[in-house]
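Note sheet for the following structure.
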Amino acid sequence: MTGRLGPALAAATLAAAVAGCGGSDEPGEPAAPVVAGQPGGTVVVATLSDPDSWTPYTTRRSSTADLLDVLYPRLVREDAAAPGETFEPWLAKSWSFSEDRRRLTFELRADARWSDGSPVTCDDVRFTFDVQTDEALGWAGARYKERIEGVDCPRPSVAVFRFSEAYPDQLLDANDNAIVPRAYGDVPVADWRATPWQDRLVTCGPYRVAESRPGQQVVLERDPRWWDADAVGPDRVVLRQYPDQTSAFRAFLAGDLSVLPGMTATQFDRASTEPHLRVSAVPSLSYTFIAWNVVSPDAYAADRARRDCTEGCAESADDIRRLQRRHPHPILASSAVRRALTLSIDRVDLVDGLWRGGARVTDSPIISTLWAHREQPAWRFDPAAARELLDEAGWIDTDGDGTRDRDGRPLRLRIATYSGHPLRVDTLERVAESLAAVGVDVEVVLAGRAEFVRNAWDRSYDGVLSGWRAGTRVEPHLLFHTEAAVDRGNNLGGWSTPESDALLERGSRASTRAEARDAWTAWQELFRKELPYTMLYEQGRWIGFSRDVVGPDPDPLNLLADLHRWRVAQRGSRDAP
Amino acid sequence: MERSVPWVAALALAVVVALGLYGDPDGARAPAAAASAAALLPPGARVKELALEGGGLLRAPSLREGATGGIDVYVYGSWRHLAGLTAEGPIRERRLWLGTDQQGRDVVARAAIGARASLSAALVAALVAAALGTFVGVATAVAPGGIGAALRWAVDGIVGIPRILVVLSLGLALRQVPGGVGVAVGLATWMGVARLLEAESRALLERPFVEAARAVGAGSGRIARHLVPHLGPLIVAAVPLVATDAVLLESTFAFLGVGVGAGASSWGAMVADAQRAGGAGWWIALPPGVLLTGTGLAFHALAERLGGGARPAEKREYQEPA
Amino acid sequence: MLRRVGVGLATVAAAGVFAFLLAHALPGDPFDTLDHPGLTADDARRTREALGLDRPLAAQLATVVRSYSEGELGVSFLRQRPVSRVLAETLPWSALLGVAALLTAYPLGIAIALMLFVFPPRSRKAGSALALAVSTAPVFLIAVLLVAFFHRYLGWLPATHAAPIGGGGVGAHLRHLVLPTAALSIPAAATIARYQLAIFERERLARHVRAARAAGSGPIAILVHHVLRPSLTPVLALLGLDLPILVSGAVVVESVFAWPGIGRVVMEAILAADYPLALGATTVTAVAVVLGRTLAEALSPGFESRSRS
């Protein structure tokens with residue numbers, strides 16, 4: 001699946017472990033002028049993980065999805081400047097809606113060829129739709145196909161999507177995800193996940209795979225069959241894998257890399273002093289937060305055990321509501337306490353220190369580049385006000401040990417994050433100190449990946465510090481609706497209210513943008529009052545370039561999207577150092 | 001081995017223990033606000049510190065109380081006003097001999113907290129490994145035929161599992177338990193002790209006192225009880241060796257950042273932090289580097305002293321890489 | 001012989017079962033990802049059901065045993081490729097690094113011991129103490145220092161990967177091999193040097209050396225014929241014990257230097273709870289341990305009794 005589909009919890013992706021860095025508010029440096037350089041040469045891009053699969057429907061990593069978006073064509077390309085609103089032609093030359101907006105017709109390029117020589121036709125589009133909606137594969141994006149009834153092929157070069165109703169995101173839904181070749185159909189869909197696709201890749205894009213060495217690198221070479229092959233810049237693209245961000249940065253300083261997708265604040269400082277490097281700030285469409293658990297972790301676990309839910313049970317929204325009502329979290333169920341916690345955290349310093357200003361304090365989970373974002377003043381750092389709120393809530397340090405308590409229970413929170421993400425670990429350590437200063441004792445839990453995800457779903461932590469890679473869609477309902485809390489859903493804190501549910505339903509089912517905007521605005525105002533998440537920051541991303549690479553600013557949706565538009569000065573061996 | 005090394009090592013160990021016991025826990029804390037002001041200060045930097053009402057502290061090269069309440073901190077070339085903070089006591093000035101890390105923590109104080117974490121994990125691990133190793137080792141030697149052989153296969157089998165799997169799975173499972181990291185490391189290192197004690201027990205079995213016990217009809221359990229006092233010195237000598245191993249394993253996992261290890265204040269985590277800061281924070285790795293090597297040296301010297309002579313062939317078994 | 005094979009197989013089986021149980025003690029599995037709001041715990045459960053991971057542990061173990069007995073190691077969850085293939089891709093690299101490290105560590109260790117042995121006592125003590133310090137320092141510290149000095153400061157050697165970006169010849173591969181090999185072999189050499197020095201010292205006191213000296217042999221001849229030669233056998237036996245390093249890989253070194261070996265795969269598999277891969281790698285390691293012990297015993301018939309007395 002892809003990062004574009006919606007928020008992708010970057011915690012789970014190693015790529016984002018690093019890449020979530022950068023600046024959006026203030027452009028770091030002016031973009032390099034695009035010069036008409038000679039095509040050819042090699043671009044070396046750092047990555048942190050192997051591709052885990054070679055089709056968009058079997059991968060679980062957004063870093064892999066980014067690569068696959070180069071290898072397989074989408075019908076149209078999204079414009080990152082106006083996510084979800086404007087599109088440019090790609091495999092489809094043009095598209096149009098019928099009168100009632102229930103039929104969307106794509107006119108495909110006649111000159112598109114798969115790497116095996118066969119033409120890309122509507123058959124491939126229809127085959128892809130069948131794969132996407134096949135239960136046996138269980139593709140996560142299938143939800144975006146629910147309102148598509150089918151794909152018709154009146155001619156090989158025309159694909160018609162039939163919708164059950166008209167709604168704002170129809171083009172986005174039809175366009176998710178890349179088209180895969182009909183030739184893949186000889187493998188039953190149920191076997192797709194266990195198929196070694198790299199032995200039989202059939203692709204259609206500016207580049208094709210020349211070499212894949214696990215743990216080392218993936219080499220792409222220009223595909224002469226591609227429809228716009230003459231416009232492709234670099235001959236080769238090497239995705240060089242580094243074990244961690246530190247060694248990738250070292251290689252970048254040494255001049256081994258053309259592109260380093262993401263760096264930390266200290267690394268940004270360091271790279272800025274090097275004349276042979278430049279750093280671009282790119283919005284990353286992602287944000288970092290702490291989700292507060294509003295249901296008592298012990299009671300939740302006991303309740304699920306009683307209902308025999310460890311491997312799934314018929315949980316309903318009513319179960320969640322009952323738990324919220326009967327077993328509220330002894331500390332975090334109170335919105336005043338959640339606000340106090342938010343006020344105690346010096347978010348401005350996080351943005352300064354960890355991001356050198358390349359991030360933005362926000363109190364909305366709909367990020368500022370999206371059309372539905374509601375501009376509101378963020379809560380200011382104010383520990384005095386936080387103390388007052390905690391006093392009022394009855395949390396007072398009666399025994400003088402520095403930690404507040406109430407009815408003999410100390411104000412202690414277990415907040416967890418994924419241990420493999422140094423920036424989040426740093427953030428959590430700072431948060432813990434800030435909260436200690438207002439009398440809240442924080443136990444920092446650094447968990448391995450699988451463990452972190454499992455326990456976050458099981459709501460066994462009091463707080464979960466993580467991040468979502470926000471997509472181009474506006475879909476807070478996937479994160480905050482009561483239904484999203486059912487059966488270990490992605491409503492990580494289990495917070496919901498009838499008012500919020502009603503607004504989320506209105507927003508997600510609106511048939512026009514204007515109607516949706518009203519609902520999202522009201523919902524964001526409610527969110528700011530309730531604070532089910534403490535939003536830490538909406539981050540940008542610093543992309544490092546060597547000076548010999550020029551081209552358009554990187555696409556915030558996918559750094560690799562514009563590879564073919566770059567130009568690189570020829571130089572000799574890039575062997576380190 | 002030469003005389004002076006044990007003394008130097010004992011001194012090193014004493015320094016580590018003293019650091020752990022008397023280290024300044026406040027210095028190891030990040031500032032509660034405006035932490036960036038104190039981040040990555042070089043060795044010898046002077047900072048001002050201020051305790052905050054209600055808890056927490058501020059640390060920055062320049063600090064002052066605001067004219068109308070609140071506190072001003074100098075961050076990135078300008079003064080930032082922090083309303084809502086009240087000083088509790090005067091502004092103190094301090095010199096940080098080894099500078100600060102990315103979070104504005106005093107590197108020396110953090111290393112001291114790390115000493116505490118490392119040594120306690122090592123102690124727990126050593127005790128667990130010694131107890132389990134002794135039990136299995138002696139049992140393997142004295143148990144009747146089939147059981148003994150089965151135990152030996154089992155130990156060989158466990159040695160065959162990558163240690164990282166043992167430490168990770170047990171470490172994650174036991175993390176909530178106090179000393180859990182130590183227990184996990186102990187459970188990953190006892191096999192060497194078991195092999196050593198099995199060999200020693202076998203040798204003892206040839207001795208006349210065992211023959212005598214056998215002659216009067218003593219069972220395996222009784223013979224084992226006769227053996228243990230004779231094994232005492234060897235067990236005592238094995239403890240520091242396992243402890244060395246435990247310190248190394250714990251710091252290695254903290255360095256790799258996989259969620260097992262003593263956490264942020266571990267020495268391994270400090271080396272990882274220094275690496276992450278690139279050239280900008282080399283000083284963060286100084287104390288953990290020196291302390292890790294010194295502790296290992298000290299434990300080895302201790303083992304040699306206790307064991308009364310080198311047994312390099314057996315010790316080699318502890319040196320399998322993590 | 002037959003008995004030895006039987007014991008070896010039993011050992012490997014024991015390791016496999018232990019590893020299986022440990023791997024299942026880890027919370028979560030790779031299907032639990034919070035990558036996408038549409039990919040919920042429910043989807044993960046369906047995948048688990050499809051792979052039979054929702055069945056009781058004993059039934060799963062039975063399946064694994066059956067497929068292993070047919071030589072089938074399963075498919076890695078994480079890499080979506082057969083485990084045997086992942087192992088085949090990574091084992092040679094680990095073996096290369098391991099062989100390089102052993103070939104460096106043993107001659108280096110013995111050379112250091114020899115050097116210390118002929119030194120005057122005072123320098124010998126200092127050198128021996130230094131060797132002890134190096135042998136107890138954590139491998140990651142040595143690796144970090146090597147990178148800082150030879151890669152960052154001097155700029156002589158590459159610090160990551162097994163080959164340069166554009167591929168390259170034997171020379172380029174060798175350059176990439178230097179730092180990981182050094183990080184693995186330096187502490188090992190220090191240990192070997194200490195061990196060897198202790199044996200030298202014991203041999204020097206041995207009766208036949210004294211006899212040779214009395215017979216008027218020169219110091220060099222004594223060293224070579226009466227000290228070095230008889231003391232090499234036990235060191236070579238140690239080599240057998242080091243064999244597992246060849247295949248189990250050195251997790252830390254492979255991680256720091258981005259070496260494409262099995263050690264990194266094991267760690268990745270364990271962290272992501274990729275049971276088939278973790279189990280496959282464990283089996284390979286266990287086989288190596290068994291072979292190593294057998295080799296150690298074969299190389300030095302007296303080794304068994306000596307190490308056990």
Side-chain angles (χ1 to χ4, degrees), chain A residues 244-247 249-250 253 264-267 269-271 343-346 348-354 356-357 380-387 397 402-404 414 416 418-423 425-426 428-430 432-440 444-452, chain B residues 28-40 51-59 69-70 73 75-76 78 80 82-86 101-105 168-169 171-173 175-176 253-254 256-266 269 272-281:
Chain A
D244 52 54
Q245 220 271 335
T246 307
S247 47
F249 181 69
R250 215 159 48 210
L253 281 186
T264 67
T266 22
Q267 294 171 346
D269 294 343
R270 178 80 180 76
L343 293 174
S344 321
I345 299 170
D346 190 354
V348 170
D349 187 60
L350 291 177
V351 167
D352 278 352
L354 302 177
R356 295 288 179 276
R380 296 238 334 245
F381 173 54
D382 192 345
R387 277 192 207 100
D397 185 8
T403 300
R404 291 165 185 268
R414 289 181 72 222
Y418 165 46
S419 64
H421 195 318
L423 196 81
V425 175
D426 284 358
L428 182 51
E429 282 167 4
R430 289 200 187 185
E433 290 297 344
S434 295
L435 293 181
V438 296
V440 180
V444 171
V445 181
L446 304 180
R449 186 205 315 237
E451 179 198 16
F452 173 67
Chain B
R29 296 180 63 180
S36 324
L40 283 179
L52 294 172
E53 197 183 278
L57 61 90
L58 289 185
R59 181 182 297 133
V73 184
V75 198
Y76 293 127
S78 61
R80 185 175 154 216
L82 298 169
L85 291 179
T86 319
D101 65 5
Q102 288 99 325
Q103 311 271 46
R105 291 175 291 212
L168 266 183
S169 48
L172 292 175
R175 202 168 39 196
Q176 298 310 315
F253 281 94
L256 292 173
V258 290
V260 175
S265 52
S266 166
D273 275 358
Q275 246 213 323
R276 196 145 53 87

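Chain identifiers are assigned alphabetically (A, B, ...) following the order of the sequence lines, protein sequences preceding nucleic acid strands; residue numbering begins at 1 within each chain.
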Gap between atom CG of B/Asp273 and atom CD of B/Gln275 - 0.5 Å precision: 10.0 Å
Taking atom CD of A/Glu433 and atom OG of A/Ser344, what is their separation to the nearest 0.5 Å? 13.0 Å
A/Ala432: side-chain contact (heavy atoms from CB on, under 4.5 Å) partners, not counting sequence neighbours: A/Val442, A/Val444
Part of B/Leu40 within contact of chain A (heavy atom distance under 4.5 Å): side chain
Under a 4.0 Å N-O cut-off, is there an ion pair linking A/Arg387 with A/Asp382? no
Name the region of A/Ala385, side chain, backbone, both or neither, that has any atom closer than 4.5 Å to a heavy atom of chain B. neither
Using a cut-off of under 4.5 Å on heavy-atom pairs, state which of B/Ala34, B/Ala272, B/Ala33 scores highest against chain A. B/Ala34
By a 4.5 Å heavy-atom criterion (distance strictly below it), what part of B/Ala83 contacts chain A: side chain, backbone, both, or neither? backbone
Is B/Leu82 in contact with chain A via its backbone, its side chain, both, or neither, using a 4.5 Å heavy-atom distance? side chain
Part of A/Thr266 within contact of chain B (heavy atom distance under 4.5 Å): side chain
Once you round to the nearest 0.5 Å, how far does CG of A/Asp349 lie from OH of B/Tyr76? 7.5 Å
